[in-house]
Amino acid sequence: MNKGVKTILYTVKDVAKSTALFQQLLEVEPYANQPYYVGFKVGDQDIGLVPGGNNSGVTAFYHVDDIKNSLQILIDGGCQVIQDIKDVGQGRLVASAEDKDGNMIGLVQG
């Protein structure tokens, strides 16, 4: 079952400056503040900042019950896997793929 987009990740060049900006914009303190990830909770959404060097952009992550099946659907639809299924801790699995138009599609289970 697809539960919709609940996680949005922004790739940033300067984590400290972006953290300050998003604290003001979202009017909340980060629940996670690490060099590799800064996370904010707003309602039932997770807004994250990840360092990306020269990369930029936003990836929306769909929360799903079966990440393996959902990733296979994307592959069968012509998407290229960018990040294979990875356990990021506490049983949370993530994966991402790029569609033929260059759009990033993220998946989260757990």
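All residue numbers in this chain count up from 1 along the given sequence. The figures here come from the full heavy-atom set of this structure, side chains too, leaving out hydrogens, waters and symmetry mates.
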Student: Compare every heavy atom of Val5 with every heavy atom of Ala60, then report the nearest pair and how far apart it is.
Tutor: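 Heavy atoms of Ala60 and Val5 come nearest at CB-CG1, 3.8 Å.
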Student: Is there a path of hydrophobic side-chain contacts, each under 4.5 Å between heavy atoms of I, L, V, M, F, W or Y residues, that connects Val94 with Met1?
Tutor: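 In one cluster with Val94: Met1, no.
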Student: State, yes or no, whether a side-chain contact exists between Val38 and Val50 at a heavy-atom distance under 4.5 Å.
Tutor: no
Student: Does one hydrophobic cluster hold both Ile75 and Tyr62, with members joined at side-chain heavy-atom distances below 4.5 Å?
Tutor: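 Yes; Tyr62 is reachable from Ile75 via cluster members.
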Student: For the atom pair CG (Asp76) and CG (Asn69), what is the distance rounded to the nearest 0.5 Å?
Tutor: 9.0 Å
Student: Among Asp44, Asp65, Asp66, whose salt bridge (charged side-chain N to carboxylate O under 4.0 Å, His left out) with Lys3 holds?
Tutor: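 Only one option passes, and that is Asp65.
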Student: Side chain to side chain contact (heavy atoms under 4.5 Å, CB included) for Gln109 and Arg92? Distances and angles first, verdict last.
Tutor: CA-CA 6 Å; Gln109 177 185 312; Arg92 179 171 256 198; over 6 Å; no
Student: Could you measure the distance from the CG atom of Leu26 to the NZ atom of Lys41? Nearest 0.5 Å is fine.
Tutor: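 If I round to the nearest 0.5 Å, the distance is 12.5 Å.
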Student: Looking only at non-hydrogen atoms, find the nearest pair between Ile67 and Leu93 and report the distance.
Tutor: CD1-O, 3.6 Å
Student: Give a yes or no on whether Leu49 and Val42 share a hydrophobic cluster (residues Ile, Leu, Val, Met, Phe, Trp, Tyr; joining criterion: side-chain heavy atoms under 4.5 Å apart).
Tutor: yes
Student: Do Thr7 and Gln45 touch side chain to side chain, with heavy atoms closer than 4.5 Å?
Tutor: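 Of all side-chain heavy-atom pairs linking Gln45 with Thr7, none is under 4.5 Å.
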Student: Can you find a pair of side-chain heavy atoms, one from Ile8 and one from Val58, that are under 4.5 Å apart?
Tutor: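 Yes - at least one pair of side-chain heavy atoms lies under 4.5 Å apart.
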Student: Are any non-hydrogen side-chain atoms of Phe40 and Asp46 less than 4.5 angstrom apart?
Tutor: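 No, every pair of side-chain atoms sits at 4.5 Å or beyond.
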Student: Go through Gln23 and Val28 one step at a time and tell me if the side chain to side chain contact (heavy atoms under 4.5 Å, CB included) criterion holds.
Tutor: CA-CA 6 Å; Gln23 273 181 276; Val28 297; over 6 Å; no
Student: Please report the C-alpha distance between Lys68 and Ile85 in whole Å, then the side-chain angles of each, then the deciding distance to 0.1 Å, and finally whether the side chain to side chain contact (heavy atoms under 4.5 Å, CB included) criterion is met.
Tutor: CA-CA 8 Å; Lys68 193 173 190 178; Ile85 298 169; 4.2 Å; yes
Student: Shared ILVMFWY cluster between Val64 and Leu71, side chains joined below 4.5 angstrom?
Tutor: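 In one cluster with Val64: Leu71, yes.
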Student: Roughly how far, to the nearest 0.5 Å, is the OG atom of Ser96 from the CD atom of Gln80?
Tutor: 10.5 Å
Student: Between Tyr10 and Thr59, is the side chain to side chain contact (heavy atoms under 4.5 Å, CB included) condition met? List the steps.
Tutor: CA-CA 7 Å; Tyr10 290 88; Thr59 303; over 6 Å; no
Student: Can you see which heavy atom on Leu107 is nearest to which on Phe61, and at what distance?
Tutor: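 Heavy atoms of Leu107 and Phe61 come nearest at N-CD2, 3.4 Å.
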Student: Tell me the closest heavy-atom pair linking Tyr36 and Pro51, and the distance in Å.
Tutor: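 Smallest heavy-atom distance, with atoms named: O-CD, 3.4 Å.
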Student: Ignoring hydrogens, what is the shortest heavy-atom contact between Cys79 and Ile105? Give both atom names and the distance.
Tutor: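 For Cys79 versus Ile105, the nearest heavy atoms are SG-CD1, 4.4 Å.
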Student: Which atom pair, heavy atoms only, marks the closest approach of Val15 to Pro35?
Tutor: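 Of all heavy-atom pairs spanning Val15 and Pro35, the closest is CG2-O, 4.2 Å.
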